[in-house]
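To keep things clear, I will list the structure first and then write my remarks on it.
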Amino acid sequence: MAVAAVAAQNPIEIVVHRGANALAPENTWPSAEAALQYGAAWIEVDVRKSKDGVLFNLHDETLDRTTNGQGKLSDMLSEDVRKLDAGSWFGEQFAGLHVPTIAEMLDSLQGKAKVFFDVKRGTPIPTLVNLVREKGFADKSFFWFGDEGMLREFIRLAPEMKIKVNAGDIARLQYWQTICTPAYVEIAPEKITDEFKTYCHQHGILVMAACQEDDTSQFQLVIDKQADLVNLDRPEVFLPLLRKKSSL
């Protein structure tokens with residue numbers, strides 16, 4: 001079955017955090033590709049810039065954990081970043097993988113998935129906005145900013161693009177609504193109530209349950225709560241549970 005068909009069948013859209021990172025090195029094309037095989041409709045990318053302003057898909061501020069390099073990505077030229085090995089730490093079969101640029105990830109994901117951009121501090125917003133428009137993902141993506149100032153800049157530059165906010169209750173969500181028009185809200189599964197979902201849907205906001213890292217214990221809760229989306233690391237565990245529920 002085609003990947004798009006697998007994703008379309010799912011009553012809860014799967015958003016994969018750093019790719020299927022228990023199956024392949026995080027934030028690389030193999031981890032994204034593995035996620036697609038397990039029903040991912042969305043692939044998260046972490047946006048960071050090199051010293052010369054090239055945008056890369058890297059979670060950490062430094063290169064130490066997931067490459068054979070050291071130090072901050074922001075202190076290195078892109079040509080030097082491209083020479084690093086971003087796969088051997090995970091397994092010999094991935095030796096030689098490089099840290100992908102955001103442009104490379106978008107090219108690879110064309111027609112296969114939508115993109116969740118986790119925009120890290122220091123990212124030049126005009127560069128990112130221009131790249132997303134150039135690659136045709138303006139209407140196939142949403143964005144999250146840990147820095148409120150960056151969020152405000154993004155809204156000015158790209159009012160047509162969709163925003164994800166984090167909120168644990170309606171009051172916090174209402175705060176974000178004074179700043180932007182959220183399209184998605186991320187919330188812990190146990191905090192999803194009927195009242196919260198109703199409020200969100202009345203305001204055109206989709207509810208995304210947060211289940212990142214290796215803990216899969218809340219996957220069934222996400223399904224029972226009928227979240228619109230789930231942000232997770234282990235699609236290979238979640239998809240069988242979702243299919244089982246859908247077949248009942």
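- Checking side-chain atoms of N57 against main-chain N and O of I102 turns up no donor-acceptor pair under 3.5 Å.
- Nearest approach of D228 to H201, heavy atoms of both residues: OD2-NE2, 2.8 Å.
- Considering V15, L109, L106 in turn, L109 is the only one that fulfils the side-chain contact (heavy atoms from CB on, under 4.5 Å) rule with I43.
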>> Checking D224 against Q220 for the side chain to side chain donor-acceptor pair (under 3.5 Å) test, could you report, in this order, the C-alpha distance in whole Å, the side-chain angles of both residues, the deciding distance, and whether it holds?
In response: CA-CA 6 Å; D224 294 341; Q220 190 59 55; 3.1 Å; yes
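- A donor-acceptor pair under 3.5 Å is absent between the side-chain atoms of E148 and the main chain of I179, judged by distance alone.
- In this structure a side-chain-to-backbone donor-acceptor pair under 3.5 Å is missing from T62 to K72.
- With hydrogens and angles ignored, the 3.5 Å screen pairs a side-chain donor or acceptor of W176 with a backbone N or O of N166.
- Nearest heavy atom pair, residue G96 against residue D85, reads N-OD2, 3.2 Å.
- With salt bridges taken as basic N to acidic carboxylate O contacts below 4.0 Å, none links K191 and D169.
- Residues R133 and A138 come closest through the heavy atom pair CG-CB, 4.5 Å.
- Contact record, M76 with Q70: SD-O, 4.2 Å, taken as the closest heavy-atom pair.
- K162 places no side-chain N or O within 3.5 Å of a backbone atom of A183 that could act as its donor or acceptor partner.
- More than 12 heavy-atom neighbours from other residues, nucleotides or ligands sit within 6.0 angstrom of CD on E213.
- For the residue pair A209 and A227, the shortest heavy atom distance occurs at CB-CB, 4.1 Å.
- Taking CG from D215 and CG from L232, the interatomic distance works out to 11.5 Å, rounded to the nearest 0.5 Å.
- Not less than 6.0 angstrom separates the ring centroid of F117 from the ring centroid of W42.
- A side chain to side chain donor-acceptor pair (under 3.5 Å) with N231 is found for exactly one of E44, E186, K164, H17, namely E186.
- Of the charged side-chain nitrogens involved, at least one lies within less than 4.0 Å of a carboxylate oxygen, so that K114 and E13 count as a salt-bridged pair.
- Using a 4.0 Å cut-off between a side-chain N of Lys or Arg and a carboxylate O of Asp or Glu, D60 and R65 qualify as a salt bridge.
- Across all their heavy atoms, F90 and P25 have their closest contact at CB-CG, 3.6 Å.
- Residue N21 forms a side chain to side chain donor-acceptor pair (under 3.5 Å) with just one option from N27, T28, D233, T66, and that option is D233.
- Distance alone, capped at 3.5 Å, is enough to place a donor-acceptor pair between the T67 side chain and the L63 backbone.
- Panel note: side chain R121, backbone G146; a donor-acceptor pair is recorded below 3.5 Å.
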>> Applying side chain to side chain contact (heavy atoms under 4.5 Å, CB included) to V16 and R18, what does each step give before you reach the verdict?
In response: CA-CA 6 Å; V16 180; R18 307 189 210 176; over 6 Å; no
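- At distances below 3.5 Å, not a single donor-acceptor pair connects side-chain atoms of Q37 with backbone N or O atoms of A34.
- In this pair, F116 and F142 present their aromatic rings parallel. The plane angle is below 30°, not in the 30 to 60° band.
- A cation-pi contact links K140 to F137, judged by a cut-off of 6.0 Å to the six-membered ring centre and 45° from its axis.
- Under a 3.5 Å cut-off, the side chain of T198 and the backbone N or O of E195 do not form any donor-acceptor pair.
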